[in-house]
Every structure is written in C-alpha cells, then in structure tokens.
Amino acid sequence: ADAHVAALKAARFVVQSVTTREKRKYPVPPFITSKLQQEAVRKLHFTAKKTMLLAQRLYEGVELGEEGSVGVITYMRTDSTRVAESALHAARDYIRKNFGEAYLPAEAIHYRSKKDAQDAHEAIRPTSVERTPDSIRASLSPDEYKLYKLIWQRFVASQMNPAVFDQTTIDVAAGDYLLRATGSVEKFNGFRAVYEEGKDEKAEMEEEEELKHRLPAVAQGEALRDRKILPEQHFTEPPPRYNEATLVKALEEKGIGRPSTYAQILSVIQYR
C-alpha cells in the first residue's frame, strides 16, 4: 500500500471523464406480514409480537367517534401484495389531489406476489386511504398511531412515481492509476415524498449513503490536487447477530413457518 501511496503522491491528477446519467429508484410494494414486522423493528423498534398485537387491534376496530368501531386496516396475516381495484383507484385519487399529476404513474401499479404465496388475503393497507394517520390520531394510542402511519404511508407510496437521481461518475487519471468517484443528486423525490424504506445490512446502508453523496462540478481535462491519500486496512467481518427484523427476513427466505407464525416463533425462541 505504501508503494501505491508514494506513486500517487508523485502523480498529476487530471479529470479524464465526467458522465452523468439518470437513475430511478422505484417504490416498494404495500406490506405483507413479514415486511411489516421487519419495518416495525427497524423504524419503530417494536418486537414482532407487539407489531402483531397492535395490527390485530387496528384490524378488529377502533372507536372513531360518530362512525363507531371501524377496522382501519385490512387483515394483517398475509403473504400477498395484491390490492383491490377500488383501493387502487382511491389511492390514485388521493395522490392526484394531494401531490399532483407529477407524482402519479400513468396506470395503477400491480405488484407480483412470491411464487409460493397463498394469496388468500390482500396486502396490508388502510381500509380507506382518506383516513389519514393525523385525522384519526386522537382515536389511537401512540403506538397504534405509529404503526397505522407506517402502513398508510407505505401503501400510498406504493402507487407513486419513482424518485429520480442524477448519478455522476468522475474518472480521474493519476499516472498509471485510474481513480473513480460516484455520487448522485436527487432531482425528483417521487414516492420518497411519503415513505423511505428502512435498511438492515451495512451494505444496504452504504449504498443508500452513496445516493446522497454530492460531487463538485468539474470539467474534462481539469487538473485536481490531492488533499489526502488514505491507505486503510480492511478486515472481513462475520455477519452481525440477528435482530428481529433480520431473523424474520431469514425465516421468510428459507421458507420456515408461515407469515402468521413468525411472531410466535420469535417469542418462543426468546422465552426459552
């Protein structure tokens, strides 16, 4: 490494090329049971068991003043991303009214469920998109409100246009070396106006950071000066221990249990 550092210190840095291309980031489907449990761990720090108890209450019914007891979400044990056409139309109307045409795709987005999904129930979504989290906040406990808001935001975002980034790559020639820097700038926030998916693994987080990395404006042939050359040593690390989110993800990937049993499996393991 020291030999490379010495060679780079003696080199001239010249911008060889600057390329900018558009990159799109698409919304994620509405929740299925496993994804709801994972996201509630990441964003709300709820255990899978707590998430399911809260979801059960939201599904069974909440006292909404004059309306009486109303189930505000669809059935919470499901492995399907299918959504009723009436709900899709309602979501599209809501987006058009509150965000404008720029955020609305030409047609409703239909997501494909996994091959082995039983598809008995719809995805987890609000029973009425017009029932915004803030409009029923007074009728919900603080935790119910947080979970309902998560479900509502994810459902609305699933029917919105992608976010658009300008991704820039700068190649710099330095003697025998070619150095590359990449970064992006958000041009249009799209579905991110409503919802941002949580990340588990280090690699996913780093990828997300790269998207937010802004690069200075430079031109081809421009000479740069090096401010610092950092030789760093890296060690491969063992995968981190599971948290509830990554464990549910692993159960799902390996086909262990069904959506209705994930919370139960986790509770039993922890209890024992």
Side-chain angles (χ1 to χ4, degrees), residues 1-29 35 38-39 42-43 95-96 98-107 109 111 150 153-154 156-240 243 245-246 249:
D2 289 339
H4 292 297
V5 171
L8 280 168
K9 278 207 156 60
R12 254 186 90 238
F13 292 79
V14 180
V15 176
Q16 190 174 327
S17 68
V18 182
T19 50
T20 299
R21 61 188 180 90
E22 215 175 67
K23 189 176 177 184
R24 289 166 181 263
K25 190 175 179 200
Y26 289 88
V28 280
K35 295 285 185 280
Q38 289 168 47
E39 200 71 338
R42 293 184 200 123
K43 287 196 163 172
I95 294 162
R96 187 180 289 113
N98 293 277
F99 293 93
E101 292 290 343
Y103 287 84
L104 194 68
E107 290 175 6
I109 305 170
Y111 294 92
L150 199 64
Q153 286 177 329
R154 174 117 165 184
V156 172
S158 73
Q159 287 302 317
M160 291 171 86
N161 270 328
V164 182
F165 296 86
D166 263 344
Q167 189 170 42
T168 306
T169 304
I170 301 174
D171 283 352
V172 180
D176 296 333
Y177 298 87
L178 178 70
L179 310 170
R180 175 167 289 168
T182 52
S184 332
V185 177
E186 188 175 74
K187 273 205 306 197
F188 174 64
N189 59 357
F191 75 95
R192 286 162 66 111
V194 179
Y195 180 81
E196 188 64 46
E197 195 183 15
K199 297 279 177 274
D200 281 320
E201 310 293 346
K202 214 165 157 189
E204 290 177 342
M205 289 175 191
E206 280 165 7
E207 195 181 305
E208 195 65 25
E209 274 311 302
E210 194 178 279
L211 275 181
K212 296 174 183 156
H213 188 55
R214 297 185 80 123
L215 293 174
V218 293
Q220 193 174 345
E222 190 176 325
L224 307 174
R225 59 195 171 86
D226 83 90
R227 287 166 67 173
K228 210 184 247 178
I229 297 171
L230 294 172
E232 286 181 353
Q233 188 169 4
H234 287 275
F235 295 92
T236 54
E237 292 179 354
N243 62 23
T246 51
K249 196 173 176 179

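The backbone N or O of Pro29 sits less than 3.5 Å from a side-chain atom of Arg154, completing a donor-acceptor pair. Between the side chain of Gln16 and the main chain of Gly221, no donor-acceptor pair closer than 3.5 Å is present. Remark: the backbone N or O of Arg192 is not paired with any side-chain donor or acceptor of Asn189 at under 3.5 angstrom.
One finds the OG atom of Ser184 at 11.5 Å from the CD atom of Glu22 (value rounded to the nearest 0.5 Å). Between the CD1 atom of Ile109 and the OG atom of Ser158 there is a distance of 7.0 Å, given to the nearest 0.5 Å. Note that the CD atom of Glu101 and the CD1 atom of Ile95 stand 10.5 Å from one another [nearest 0.5 Å]. Atom CG of Leu178 is separated from atom CG of Asp171 by 4.5 Å, given to the nearest 0.5 angstrom. One distance of note links CG of Leu215 with OG1 of Thr182; it measures 7.0 Å at 0.5 Å rounding. Separating the CZ atom in Arg21 from the CG atom in Asp166 is a distance of 11.0 Å, to the nearest 0.5 Å.
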(request) Could you walk me through whether Val18 and Val218 pass side-chain contact (heavy atoms from CB on, under 4.5 Å), step by step? (result) CA-CA 8 Å; Val18 182; Val218 293; 3.9 Å; yes

(request) Any chance you could lay out the side-chain contact (heavy atoms from CB on, under 4.5 Å) test for Gln167 and Thr20, step after step, and finish with the verdict? (result) CA-CA 5 Å; Gln167 189 170 42; Thr20 299; over 6 Å; no

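For Asn243 against Ala245, the heavy-atom pair with the smallest separation is OD1-N, 2.9 Å. Smallest separation of non-hydrogen atoms from Leu179 and Phe13: CD1-CE2, 3.3 Å. The shortest non-hydrogen separation linking Met160 to Pro27 is O-CG, 3.4 Å. Closest approach of Tyr195 and Ala157 over heavy atoms only: CB-CB, 3.6 Å. Residues Ala11 and Gly175 approach most closely at CB-N, 3.8 Å, considering heavy atoms.
When the shell of 6.0 Å around CZ of Arg96 is examined, it contains more than 12 heavy atoms from other residues, nucleotides or ligands.
Annotation: cation-pi geometry not satisfied between Lys23 and Phe188 (NZ/CZ under 6.0 angstrom from ring centroid, within 45° of ring axis).
Residues Val28 and Phe191 have side chains not in contact (no heavy-atom distance under 4.5 Å, counting atoms from C-beta outward). A heavy-atom distance below 4.5 Å is not found between the side chains of Val172 and Tyr177. Considering only heavy atoms from C-beta on, Leu224 comes within 4.5 Å of Val15 through its side chain. Within the 4.5 Å cutoff, side-chain heavy atoms of Leu150 are placed close to those of Lys43.
Listed by chain and residue number, nothing satisfies the side chain to side chain donor-acceptor pair (under 3.5 Å) test with Gln153 (two or more places apart in sequence, or in another chain).
Each salt bridge (Lys or Arg N to Asp or Glu O under 4.0 Å) pair with one or both residues in residues 222-231, not counting sequence neighbours, would appear here, but there are none.
Taking a cutoff of 4.0 Å between a charged side-chain nitrogen and a carboxylate oxygen, Lys25 and Glu197 do not qualify as a salt bridge.
Side-chain polar atoms of Tyr103 and Gln159 form no donor-acceptor pair below 3.5 angstrom.
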